[in-house]
Undergrad: 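Sending over a structure as structure tokens; questions will come in a sec.
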Amino acid sequence: MIVDADRFLQDLDHLRSFGAQGTGVVRPAYSDADIAARHWLATRMEDAGLTPAFDAMGNLFGLVDGPSLLLGSHSDSQPEGGWLDGALGVVAALEIARASREQGGPAVSVVSFQDEEGRFGVTTGSAVWSGQLSLDVADQLTDHSGVALGDARKAMASVAGAHVDPSRFTGFIEMHIEQGPALDQGGLQIGVVTDIVGIRDMKITFGGQQNHAGTTPMALRRDAFQAVSQFNAVLNDRFRNVVTPQTVWTIGHVTLHPNASSIVPGRATFSMQWRDADVPRLTQMEKIVRDTAIEVAEAGGFTVEFGDMLGLEPVAMDARLRGALELAAQRAAPNAWQTMPSGALHDATNVARLMPVAMVFVPSIDGISHDFAEDTERKDLVAGLSVLADAVSAL
């Protein structure tokens with residue numbers, strides 16, 4: 001299959017214009033920029049001979065008739081996102097589908113999943129499509145501003161609604177930037193994913209006593225933020241003999257109430273997330289998280305509440321699809337590729353419930369992602385596209 005690298009890069013650059021800010025993008029799920037980008041992608045799909053279809057979540061499919069291989073990723077971004085995260089996989093899929101159709105190659109369909117970046121949950125769009133999460137439950141999820149997903153997706157109500165039957169697809173391949181330093185530091189062009197780690201994510205709230213910041217003695221305070229600080233310190237120590245060098249955990253969002261300079265915070269809500277490829281370890285970490293929060297609360301006179309546990313299990317890539325990517329990587333980048341796990345979560349995790357899946361990575365410069373500085377050399381972007389095209393042709 002002969003792909004058009006210039007056309008691919010031009011589409012990728014144009015998608016970057018939706019929500020452009022500095023060198024990155026601000027294109028959260030269901031934002032005006034996200035919806036505009038999806039409409040543009042639908043037009044490009046139609047121009048490529050595909051049939052665009054939005055489902056109730058706003059997942060966008062570009063379909064061919066009959067059974068096909070599904071390629072794609074997502075086109076929404078983090079609140080301050082890089083220009084390639086997700087977008088690369090969608091535009092690469094579009095170019096492969098277009099080139100294959102032009103040259104009489106295999107049947108290829110395209111998808112851009114909605115809310116992969118978790119404005120409302122964890123890979124929400126593909127979670128609903130794969131049946132892991134019902135739409136009714138998803139609609140009750142709220143973002144950090146208290147907006148419900150059910151209200152947010154009304155912005156796409158005029159186009160969304162078609163059900164896309166997963167049984168029409170024979171497998172799914174997702175191309176993505178690595179979002180880590182391994183390929184860049186190793187001077188490698190391609191990574192073929194072996195498995196995707198599992199993730200656990202929940203909100204925890206400590207309740208203390210709101211009070212005057214100038215008149216309340218330190219010894220008498222029940223400062224909810226200090227509970228978060230103590231929890232973090234104790235948790236890091238308790239994880240030490242449980243985790244591996246590949247295990248990660250993050251407190252990524254903290255909300256204080258009433259969030260004022262002269263008031264001792266009476267309530268602190270924060271996100272607690274951890275990732276590992278081993279399910280028993282994920283479970284053990286959950287127990288440590290809960291036990292530590294309860295002990296900190298009891299010791300300091302705080303209340304503690306746990307939100308719903310969100311997460312996904314670790315997933316191994318399909319041997320056949322992965323094998324095609326490995327052969328293609330060796331041809332495109334001999335001695336400049338490797339197999340590797342994915343420490344980041346992807347839509348492929350959910351899609352694996354329905355069909356065989358595989359993933360291919362290209363380097364992230366300095367390992368930076370989820371930041372405006374995210375970038376990849378254009379030659380590496382094209383190399384990844386070539387590997388994907390070669391693998392699709394073989395399959």
Side-chain angles (χ1 to χ4, degrees), residues 3-50 52-54 57-62 71-99 110-119 124-125 143 152-153 155-156 158-160 174-179 344 346-347 361-366 368-385 388:
V3 292
D4 188 331
D6 290 336
R7 182 172 61 182
F8 159 66
L9 292 172
Q10 287 169 7
D11 278 348
L12 198 53
D13 284 330
H14 191 82
L15 182 53
R16 184 181 193 168
S17 70
F18 295 95
Q21 187 166 320
T23 59
V25 296
V26 177
R27 201 164 59 223
Y30 304 107
S31 65
D32 290 344
D34 171 57
I35 294 172
R38 289 177 185 276
H39 284 305
W40 175 78
L41 283 168
T43 299
R44 294 301 282 160
M45 290 174 178
E46 194 167 24
D47 292 343
L50 305 172
F54 289 93
M57 272 293 294
N59 297 317
L60 169 61
F61 294 84
L71 308 180
S73 189
H74 64 96
S75 53
D76 63 306
S77 82
Q78 286 285 328
E80 292 187 0
W83 73 290
L84 293 167
D85 182 355
L88 171 61
V90 175
V91 175
L94 175 62
E95 176 56 30
I96 299 295
R98 185 165 44 200
V110 179
V111 64
S112 174
F113 287 113
Q114 181 59 288
D115 196 27
E116 191 274 353
E117 295 293 5
R119 175 184 171 188
T124 322
D143 65 8
R153 70 183 184 90
M156 300 195 70
S158 62
V159 296
E174 183 171 2
M175 179 177 167
H176 212 280
I177 53 172
E178 181 199 346
Q179 302 183 281
H346 300 284
D347 289 308
F361 284 164
V362 294
S364 295
I365 296 174
D366 294 329
I368 296 174
S369 184
H370 286 185
D371 185 275
F372 288 164
E374 172 188 288
D375 206 1
T376 297
E377 296 284 352
R378 294 198 166 229
K379 63 180 175 61
D380 293 335
L381 297 175
V382 174
L385 179 69
L388 186 58

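In what follows, every heavy atom counts, from backbone to side chain, and hydrogens, waters and symmetry copies are set aside. On a predicted model such as this, the values are computed, not experimentally measured, just so you know. The first residue of the sequence shown is numbered 1, and numbering continues consecutively from there.
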Undergrad: Do D366 side-chain atoms and I368 backbone N/O form a donor-acceptor pair below 3.5 Å?
TA: no
Undergrad: For L12 and W83, which heavy atoms make the closest approach, and how far apart are they?
TA: CG-CZ3, 3.8 Å
Undergrad: Measuring only between side-chain heavy atoms, which start at C-beta, is M156 closer than 4.5 Å to I35?
TA: yes
Undergrad: Heavy-atom distance under 4.5 Å between the side chains of D375 and T23, does that happen here?
TA: no
Undergrad: Applying side chain to side chain contact (heavy atoms under 4.5 Å, CB included), can you list everything that pairs with T43, at least two apart in sequence or on another chain?
TA: D47
Undergrad: Set out, in order, the CA-CA distance, both residues' side-chain angles and the distance that settles side-chain contact (heavy atoms from CB on, under 4.5 Å) for H370 and E117, then state yes or no.
TA: CA-CA 10 Å; H370 286 185; E117 295 293 5; 3.4 Å; yes
Undergrad: Can H74 and D85 be counted as having a side-chain donor-acceptor contact under 3.5 angstrom?
TA: yes
Undergrad: Using the ring centroid of each side chain, check whether H346 and F361 are separated by less than 6.0 Å.
TA: yes
Undergrad: Salt bridge check: are D13 and R378 linked by an N-O gap of less than 4.0 Å?
TA: yes
Undergrad: So, using side chain to side chain donor-acceptor pair (under 3.5 Å) as the criterion, who are the partners of N59 when residues are at least two apart?
TA: D55
Undergrad: Side chains of W40 and D11: does their closest heavy-atom pair fall under 4.5 Å?
TA: yes
Undergrad: Any chance you could lay out the side-chain contact (heavy atoms from CB on, under 4.5 Å) test for E95 and L385, step after step, and finish with the verdict?
TA: CA-CA 8 Å; E95 176 56 30; L385 179 69; 4.1 Å; yes
Undergrad: So which atom in A92 and which in M175 form the shortest heavy-atom distance, rounded to 0.1 Å?
TA: CB-SD, 3.6 Å
Undergrad: What is the minimum heavy-atom distance between L15 and A37, and which atoms define it?
TA: CD1-CB, 3.8 Å
Undergrad: Take F18 and H39, measure what ring pair (Phe, Tyr, Trp, His ring centres under 6.0 Å) needs, and give me the verdict at the end.
TA: CA-CA 11 Å; F18 295 95; H39 284 305; over 10 Å; no
Undergrad: Any side-chain to backbone donor/acceptor pair from R119 onto P28? Under 3.5 Å, distance only.
TA: no
Undergrad: Do any N or O atoms from the side chain of R98 and from the backbone of L50 form a donor-acceptor pair under 3.5 angstrom?
TA: no
Undergrad: Got Q21 and E80 here, is their nearest side-chain heavy-atom distance under 4.5 Å?
TA: no
Undergrad: Counting neighbours of CG on D4 that are heavy atoms of other residues, nucleotides or ligands and sit closer than 6.0 Å, is the number greater than 12?
TA: yes
Undergrad: Looking only at non-hydrogen atoms, find the nearest pair between F372 and G81 and report the distance.
TA: CD2-O, 3.2 Å
Undergrad: Heavy atoms only: give me the nearest S369-Q179 pair and the separation to one decimal.
TA: OG-NE2, 2.9 Å
Undergrad: Tell me if a side-chain donor or acceptor on R38 pairs with a main-chain N or O of A33 at a distance below 3.5 Å.
TA: no
Undergrad: Do you know which two heavy atoms are closest between V3 and I96, and how far apart they sit?
TA: CG1-CD1, 3.8 Å
Undergrad: Between Q114 and R153, does any side-chain donor sit less than 3.5 Å from a side-chain acceptor?
TA: no
Undergrad: Using modelled atom types only, decide if a donor and an acceptor are shared between the side chain of S364 and the backbone of I177 within a distance under 3.5 Å.
TA: no
Undergrad: So does L71 get a backbone contact from the side chain of E174, meaning a donor-acceptor N/O pair under 3.5 Å?
TA: no
Undergrad: Sub-3.5 Å donor-acceptor pair from the side chain of D34 to the main-chain atoms of Y30, do we have one?
TA: yes
Undergrad: Under 3.5 Å, side chain of T376 to main-chain N/O of L381, donor-acceptor pair present?
TA: no
Undergrad: Would you find a donor on one side and an acceptor on the other, under 3.5 Å apart, between the side chain of R27 and the backbone of S75?
TA: yes
Undergrad: Report yes if the side chains of L41 and L60 come closer than 4.5 Å at any heavy-atom pair, otherwise no.
TA: yes
Undergrad: Can a donor-acceptor pair be found, under 3.5 Å and without considering hydrogens, that links the side chain of E116 to the backbone of S73?
TA: no
